[in-house]
Amino acid sequence: MPELPEVEVLVRHLEPLLRGQVIRGVDVRRPRVLRPSSETELRRALVGSVFVNLNRRGKYLLFTLRRAGSRKTFPLLGHLGMTGRMYLLPANAALPKHAAVVLRFARSQLVFEDTRYFGRLTLDTSAVSALGPEPLDERFTAHDLRNALRRPGQSLKVKLLDQSLVAGLGNIYASEALFRARLSPRRRADQLSPKQAQRLWRSLRQVLREAIAWGSTVRLHWGPADGRNNLFYYGAAEGESGYAHERLRVYDRAGQPCLRCRTAIRRIVQGARSTYYCPRCQRC
DNA sequence: CACCATGTTCCTTG
DNA sequence: CCAAGGAACATGGT
């Protein structure tokens with residue numbers, strides 16, 4: 001469930017459900033996702049603690065908890081990796097095949113499910129300090145973006161995925177933002193004019209904001225993965241049939257006509273990952 | 001069997 | 001020392 005918008009929507013959804021919940025038990029089925037925390041470490045910190053709040057930073061979930069009878073709070077860091085999901089189930093519900101960690105409450109349980117186990121749930125929050133600015137923060141300006149892209153010379157697309165420059169963009173929204181800004185993903189990042197940087201800045205924020213707005217209004221499927229792709233990137237809402245990629249204008253549309261000029265969308269590989277773009281609209 | 005997949009980190013190569 | 005590229009992690013879909 002990864003990029004920034006999905007995490008944001010998940011955080012908004014989960015926060016009111018978690019606040020005040022007391023953790024009675026911790027069930028670790030895949031210790032790998034705790035890295036570098038250990039199972040005993042996590043259990044000792046969490047059992048008896050209560051959820052205070054939940055925030056997002058980049059693609060990370062930041063839980064704040066408090067030990068019973070204490071005023072001091074401590075953080076718990078989550079990351080969904082490529083295939084992670086988090087949701088509440090009734091206390092006695094059966095767990096999915098790829099449940100990685102389960103936090104048990106009196107009447108419900110928080111399930112962290114992750115088929116590929118690339119995600120994390122850990123007491124180590126150090127990764128957050130390496131993140132660049134929040135793209136939707138009002139303090140993040142077009143000038144900041146231009147400076148971030150300035151340093152070495154690399155393609156725009158690859159740079160946008162660098163979480164230390166801007167936090168939260170992933171492979172899908174990086175392509176989408178470049179399409180809207182009409183900038184080539186292959187273009188060197190370090191020589192954008194102020195005007196182009198401004199365009200990219202606006203596009204990037206627009207793409208992320210629209211995705212959050214969309215995910216907030218549609219009824220999403222919060223339960224266990226049912227074998228299909230439940231990402232809201234693809235417009236898969238509960239009770240909806242079909243998976244039209246309507247929301248995405250270029251991603252995964254190789255060979256299809258550009259929505260702006262009808263030229264065939266092209267797929268290239270950059271940094272070992274797929275990039276989609278319109279060779280006509282997105283010139284250097 | 002082949003290739004692809006929303007992410008991050010570590011290692012090698014130049 | 002730095003940047004770029006690749007592999008690894010692990011599972012599933014087409």
Side-chain angles (χ1 to χ4, degrees), chain A residues 1-11 29-36 56-61 77-86 96-101 112-122 124-132 148-178 185-186 188-190 204 207-208 211-212 214-215 220-221 224-236 243 245 247-255 267-276:
Chain A
M1 250 246 201
E3 305 184 36
L4 184 155
E6 292 212 307
V7 178
E8 177 65 25
V9 171
L10 173 65
V11 162
R29 313 197 144 200
R30 286 285 180 147
R32 169 185 151 76
V33 306
L34 307 185
R35 63 194 184 281
R56 179 191 58 75
R57 181 74 173 86
K59 300 172 194 171
Y60 287 90
L61 298 107
L77 188 72
H79 194 290
L80 300 171
M82 293 267 256
T83 53
R85 305 167 62 84
M86 282 190 197
K97 181 178 176 189
H98 297 295
V101 182
F112 174 25
E113 178 189 8
D114 187 359
T115 37
R116 289 168 76 180
Y117 305 109
F118 290 174
R120 290 213 292 160
L121 189 66
T122 177
D124 172 31
T125 60
S126 60
V128 167
S129 59
L131 294 175
L149 296 174
R150 217 173 170 102
R151 295 178 287 197
Q154 212 176 7
S155 74
L156 260 184
K157 161 65 170 10
V158 171
K159 273 261 183 288
L160 287 180
L161 294 182
D162 184 339
Q163 304 296 298
S164 71
L165 299 184
V166 181
L169 277 178
N171 206 37
I172 291 177
Y173 293 115
S175 277
E176 293 295 312
L178 288 167
R186 308 147 61 126
R188 282 178 54 120
D190 58 1
L204 180 157
V207 161
L208 295 175
I212 292 170
W214 191 89
L220 296 169
H221 172 64
D226 52 9
R228 303 183 306 173
N229 188 329
N230 287 308
L231 290 177
F232 72 66
Y233 297 127
Y234 299 109
Y243 281 19
H245 294 187
R247 290 190 48 258
L248 304 177
R249 305 193 184 174
V250 271
Y251 184 81
D252 207 17
R253 298 181 59 111
R267 171 184 179 272
I268 58 173
V269 174
Q270 295 178 290
R273 318 208 51 195
S274 292
T275 300
Y276 299 87

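Order of the sequence lines sets the chain letters (A, B, ...), proteins ahead of strands, with each chain counted from 1.
For the pair A:Arg30 and A:Tyr117, the cation sits on the ring face: its NZ or CZ lies under 6.0 Å from the ring centre, inside 45° of the axis.
Proximity note for A:Ser274 (side chain, C-beta onward) versus B:dA5, C:dT11, B:dG7: the nearest is B:dA5. Relative to the side chain of A:Gln154, the nucleotides B:dG7, C:dA4, C:dA10 differ in distance, and C:dA4 lies closest. Here the nucleotide nearest the side chain of A:Pro2, chosen from B:dA5, B:dG7, C:dT11, is B:dG7.
In this structure, A:Lys157 places its NZ atom 15 Å from C1' of C:dA4, rounding to the nearest Å. Taking atom CZ on A:Arg116 and atom P on C:dT11, their separation rounds to 10 Å, with Å as the unit. Rounded to an integer number of Å, the gap from CZ of A:Arg29 to P of C:dA10 is 18 Å. Nucleotide B:dA5 holds its C1' atom 14 Å from the CG atom of A:Leu248, rounded to whole Å. Summarising the geometry, the separation between CG on A:Leu165 and P on C:dA3 is reported as 11 Å, rounded to the nearest angstrom. Taking atom OH of residue A:Tyr173 and atom C1' of nucleotide B:dG7, one finds them 15 Å apart after rounding to whole Å. Protein atom CG of A:Leu80 is 16 Å distant from nucleotide atom C1' of C:dA10, rounded to whole Å. If you take CG of A:Leu77 and P of B:dG7, they are 16 Å apart, rounded to a whole angstrom.
For the C1' atoms, the distance linking B:dA5 with C:dA4 amounts to 23 Å, nearest Å. Distance noted for atom C1' between B:dT8 and C:dC1: 23 Å (whole Å). Comparing the same atom, P, in B:dC11 and in C:dA10 gives a spacing of 15 Å after rounding to whole Å. For the C1' atoms, the distance linking C:dC9 with B:dC1 amounts to 22 Å, nearest Å.
Using a 4.0 Å cut-off, some side-chain N or O of A:His98 falls inside it from OP1 or OP2 of C:dG12.
Among residues two or more places apart in sequence or in another chain, the side-chain contact (heavy atoms from CB on, under 4.5 Å) test is passed with A:Thr115 by A:Thr83, A:His98. Partners of A:Tyr60 by ring pair (Phe, Tyr, Trp, His ring centres under 6.0 Å), not counting sequence neighbours, listed by chain and number: A:His79. By the side-chain contact (heavy atoms from CB on, under 4.5 Å) test, A:Pro2 pairs with A:Glu6, A:Leu231, A:Tyr233, sequence neighbours left out. Shown here are the ring pair (Phe, Tyr, Trp, His ring centres under 6.0 Å) partners of A:Tyr276, two or more places apart in sequence or in another chain: A:Tyr251.
If you check the side chains of A:Asp124 and A:Ser126, you find a donor sitting under 3.5 Å from an acceptor.
Between A:Tyr173 and A:Leu4 there is no side-chain heavy-atom pair separated by less than 4.5 Å. Side-chain contact between A:Lys59 and A:Leu80 is absent, with no heavy-atom pair separated by less than 4.5 Å.
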- Message: Using the rule given for side-chain contact (heavy atoms from CB on, under 4.5 Å), can you reason through A:Lys157 versus A:Asn171, listing the C-alpha separation, both sets of side-chain angles and the distance that settles it, and then say yes or no?
- Response: CA-CA 9 Å; A:Lys157 161 65 170 10; A:Asn171 206 37; 2.8 Å; yes
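A:Arg35 comes within 4.0 angstrom of no nucleic acid atom, judged by non-hydrogen atoms across all strands.
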Tabulate atom names and distances for all N/O pairs under 3.5 angstrom spanning the protein and nucleotides 8-14 of chain B.
from: B:dT8; atom 1: OP1; to: A:His79; atom 2: NE2; distance (Å): 3.0
from: B:dT8; atom 1: OP2; to: A:Lys59; atom 2: NZ; distance (Å): 3.1

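Counting only Watson-Crick and G-U wobble pairs whose two distances sit under 3.5 Å, DNA chain C takes part in these stems of three or more pairs: B:2-5 with C:11-14, B:7-14 with C:2-9.
Judged by ring centres under 5.5 Å apart and planes tilted less than 30 degrees, A:Phe118 fails to stack against the six-membered base ring of C:dA10.
No more than 12 heavy atoms of other residues, nucleotides or ligands sit less than 6.0 Å from atom CZ of A:Arg186.
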